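These notes concern the structure reproduced below.
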Amino acid sequence: MHLHPVGRSAVLAEVADAAEALDLATWARSARVAAVEVVPAARTVLFDGVDDPVALAARLRGWRPSGELPAGDRVEVPVVYDGPDLAFVAEAWGTDRDGVVARHAAVEYVAAFCGFAPGFSYLSGLPPELAVPRLESPRARVPAGSVGLAGGWCGVYPTASPGGWRLLGRTDATLWDPERDRPALLPPGTRVVFVPR
């Protein structure tokens with residue numbers, strides 16, 4: 001792990017990958033390290049609102065990757081599999097539409113980190129051999145609720161926006177609601193399964 005100061009009151013920890021970032025963030029929250037915000041990303045964790053960066057660095061040196069996925073809440077996301085990239089993904093996976101649905105729905109994903117838009121979670125767990133490339137040119141508008149893949153990630157667009165992920169289907173689940181106690185439906189650590197309907 002490499003630590004970098006960010007401004008006067010934040011520390012950025014670099015780790016090997018998204019799994020380690022989520023592991024470190026989960027450990028830091030449970031250990032109640034002295035930071036106002038603990039924000040995991042793809043290969044980093046930002047500790048913001050730190051009064052004593054030296055003390056935080058000493059505390060973080062006590063972390064060791066557990067190698068285990070967090071046992072967060074399990075959320076089922078209903079999906080209508082009618083996305084425009086089903087045929088592309090089916091060919092890439094050497095199967096047909098039903099095969100794509102079965103493989104996609106058989107995975108239990110984990111929300112590794114959030115970004116891009118409020119409520120958007122990068123979901124890990126797709127086997128490496130099922131990774132698919134992004135579109136060569138992003139779509140100007142992807143509808144809210146679209147379920148897509150990019151590389152080894154899965155995600156659900158919380159709002160309509162441009163996007164270059166391969167779209168498999170759509171859900172009516174509300175990914176972000178600032179009126180809820182927990183606005184994000186899929187915060188980091190959440191286990192996610194997609195249920196065909």
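Computed from a predicted structure; not experimentally measured.
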So do [Y] and [X] actually touch side chain to side chain, heavy atoms under 4.5 Å?
| X | Y | result |
| --- | --- | --- |
| Arg170 | Pro143 | no |
| Arg166 | Pro133 | yes |
| Leu149 | Cys154 | yes |
| His104 | Val89 | no |
| Thr44 | His4 | no |

For [X] and [Y], indicate whether the former's side chain and the latter's backbone hold a donor-acceptor pair under 3.5 Å.
| X | Y | value |
| --- | --- | --- |
| Thr171 | Gly145 | no |
| Arg139 | Gly163 | no |
| Arg59 | Ala31 | yes |

Could you walk me through whether Tyr157 and Leu167 pass side chain to side chain contact (heavy atoms under 4.5 Å, CB included), step by step?
CA-CA 10 Å; Tyr157 286 78; Leu167 304 181; 3.9 Å; yes
Would you please test Trp153 and Ser124 for side chain to side chain contact (heavy atoms under 4.5 Å, CB included) and show each step?
CA-CA 6 Å; Trp153 298 104; Ser124 64; 3.8 Å; yes
Indicate, with yes or no, if [Y] and [X] share a hydrophobic cluster defined by side-chain heavy-atom contacts under 4.5 Å among Ile, Leu, Val, Met, Phe, Trp and Tyr.
| X | Y | result |
| --- | --- | --- |
| Trp93 | Leu86 | yes |
| Leu175 | Val142 | no |
| Val79 | Leu130 | yes |
| Val39 | Val110 | no |
| Val156 | Val107 | yes |

Is the number of heavy atoms from other residues, nucleotides or ligands within 6.0 Å of CG (Asp73) greater than 12?
no
With a 6.0 Å cut-off (strictly less than), is the heavy-atom count around CZ of Arg182, excluding the residue itself, greater than 12?
yes
Specify the closest pair of heavy atoms between Ala112 and Ala18, including all atoms of both residues, with the distance to one decimal.
CB-CB, 4.2 Å
Shortest non-hydrogen pair, Arg29 vs Pro40, comes out as NH2-CD, 3.7 Å
Would Phe120 and Trp165 count as a close aromatic pair, with their ring centres under 6.0 Å?
yes
Centres of the Phe194 and Tyr109 rings: under 6.0 Å?
yes
Remaining members of the apolar cluster that contains Leu56, side-chain heavy atoms under 4.5 Å:
Met1, Leu3, Val11, Val15, Leu24, Trp27, Val33, Val38, Val45, Phe47, Val50, Leu60, Trp63
